[in-house]
Amino acid sequence: MSEPLTPAQLESVEKTLARGTWAITAGAVLFSVLTVTPLVERVTPDQWAWTAPILPLVVDAAVVIVVRLDATVARLGGDSGPWPAVLRWMTGLMTLLLNIGDSALKGDLVGVAVHSVAPLLLIVTAEAGLAYRRAIGRAQERIERSRAAEQAEREQREREKREHAEQSAREHAEQLERERAEREAAERAAEREHAARMERERLDREAEMRREQREYEERVRREDQQRADALRREQQEQAERSQRERQALAPAPAVVDAASKQAAMNTPSAAVNGSVNEPDVFTKMPEAEARSYIRSFREGQRSVRQLAEDTGWSVGWVSARLQEVRDSARERESVEVVV
């Protein structure tokens, strides 16, 4: 199938048809005036001979009107009814009869044939031009409908393509938004996990520090206990040694009585000498050693009186030191709970 003509090509075809039609019409009108005028002059009085060209001009004017209006109506795609066809055929026949009238009256068949060429050509050109214009109009209408349908289809495709692009853009934006939300959720989860891990590590460090602190305190307590035990053993050994020395140096009872009597008789210097030579008795511990000794025992391990006898300090002083040890232990426990 050949490609349809463009509007410019159809316009060029219509212009060619119009030019040809008007050229034929002009030639036929001119030929009609020149042919019909002598015939009209012979049948017109001499004083009115100057009016001979009017008749062919009137007939030709009707022909021009028919050709022009038919072209306009055909271009508009309308139908003007039967009267334009009557006028077209009547003017064509009148032109034909006027052109061949002179030759027919003379019996010149050749003249009749020659003079009938222009009118017949004008009649056929008018009918063919009208048919051509109607066909061109229908073709233009069909082409315009086809182009309108193609334009609508192209616009539909472009609209669908644009909608598809917009849909793709929305889907891409939604995908990016989902990815961003998932990425942010993953980052928040990672941050929470990191914070939880840091918190666990902090708690582990604090627990380790508390464990090390307890171990250190336990080690210090054991060392203090060991030192206190060693000091206590040393003091006990010293006390036992002093007791044995006193027992070894103490005289028998009879000797004691004699010695006492002899002492009463002796001078005071003898008593002084006896006191000087008497061995040292057990005295109380220094305060620092007594405190360390008391702390070396756990609560309830030894009674207050036993500790007082071991250290040489009073029961009230030992009780006060034990109370200080208990208060210090409670404060240390409360600090560990807070940490």
#### Entry: Closest non-hydrogen atom pair between His115 and Asn99, with its separation
CB-O, 3.1 Å
#### Entry: Candidates Thr37, Val36, Val58 - the one meeting side-chain contact (heavy atoms from CB on, under 4.5 Å) with Pro53
Thr37
### Task
To the nearest 0.5 angstrom, please state how far the NE2 atom of His164 sits from the NZ atom of Lys161.
10.0 Å
### Query
Is a side-chain donor-acceptor pair under 3.5 Å present for Asp327 with Gln323?
yes
### Query
At what distance, to the nearest 0.5 angstrom, does OG1 of Thr35 lie from CG of Leu98?
10.0 Å
### Query
Between Glu199 and Arg202, is the closest basic N to carboxylate O distance under 4.0 Å?
yes
### Summary
Closest non-hydrogen atoms of Val318 and Ala308, given as atom of the first, atom of the second and distance, are CG2-CA, 3.8 Å
#### Entry: Listed partners of Glu177 passing side-chain hydrogen bond (donor to acceptor under 3.5 Å, both in side chains), at least two apart
Arg180
### Query
Are the charged groups of Glu287 and Arg291 less than 4.0 angstrom apart, N to O?
yes
### Message
On a heavy-atom basis, which atom in Val59 and which in Met94 lie closest, and how many Å separate them?
### Response
CG1-CB, 4.2 Å
### Task
May I ask you to decide whether Arg147 forms a salt bridge with Glu150, counting only side-chain N to carboxylate O separations under 4.0 Å?
no
### Separation of Ser328 OG from Arg326 CZ (nearest 0.5 Å)
12.0 Å
### Message
Taking the side chain as everything from C-beta on, heavy atoms only, tell me whether Glu201 gets closer than 4.5 Å to Met198.
### Response
yes
### Task
Share the residues that join Trp50 in a hydrophobic cluster, the rule being Ile, Leu, Val, Met, Phe, Trp or Tyr side chains under 4.5 Å apart at the heavy-atom level.
Trp48
### Query
So, for Thr95 and Pro119, which heavy atoms are closest and what is the spacing to 0.1 Å?
O-CG, 3.8 Å
### Task
Tell me, yes or no, whether the heavy-atom count around Arg197 atom CZ, taken from other residues, nucleotides or ligands under 6.0 Å, exceeds 12.
yes
### Query
Between Arg178 and Gln175, do the side chains contain an N or O donor and an N or O acceptor separated by less than 3.5 Å?
no
### Glu193 CD: over 12 foreign heavy atoms closer than 6.0 Å
no
### Message
Under 4.0 Å between a side-chain nitrogen and a carboxylate oxygen: does that hold for Arg219 and Glu215?
### Response
no
### Task
State, to 0.1 Å, how close Ser319 and Val304 come at their nearest heavy-atom pair, and which atoms those are.
OG-CG1, 3.4 Å
### Side-chain heavy atoms of Leu307 within contact of Trp313, under 4.5 Å
no
### Query
Measuring from Glu234:CD to Arg227:CZ, what's the distance to the nearest 0.5 Å?
14.0 Å
### Query
Can you check whether Phe297 reaches Leu322 side chain to side chain, under 4.5 Å on heavy atoms?
no
### Query
Under 3.5 Å, is there a donor-acceptor pair between the Glu217 and Gln213 side chains?
yes
### Query
With the threshold set at 4.0 Å, does a side-chain nitrogen-carboxylate oxygen contact exist between Glu218 and Arg221?
yes
### Message
If the threshold is 4.0 Å, N to carboxylate O, is there a salt bridge linking Arg157 and Glu153?
### Response
yes
### Task
Kindly determine whether Gln167 and Glu163 satisfy side chain to side chain donor-acceptor pair (under 3.5 Å), including the steps that lead there.
CA-CA 6 Å; Gln167 180 67 21; Glu163 292 176 355; over 6 Å; no
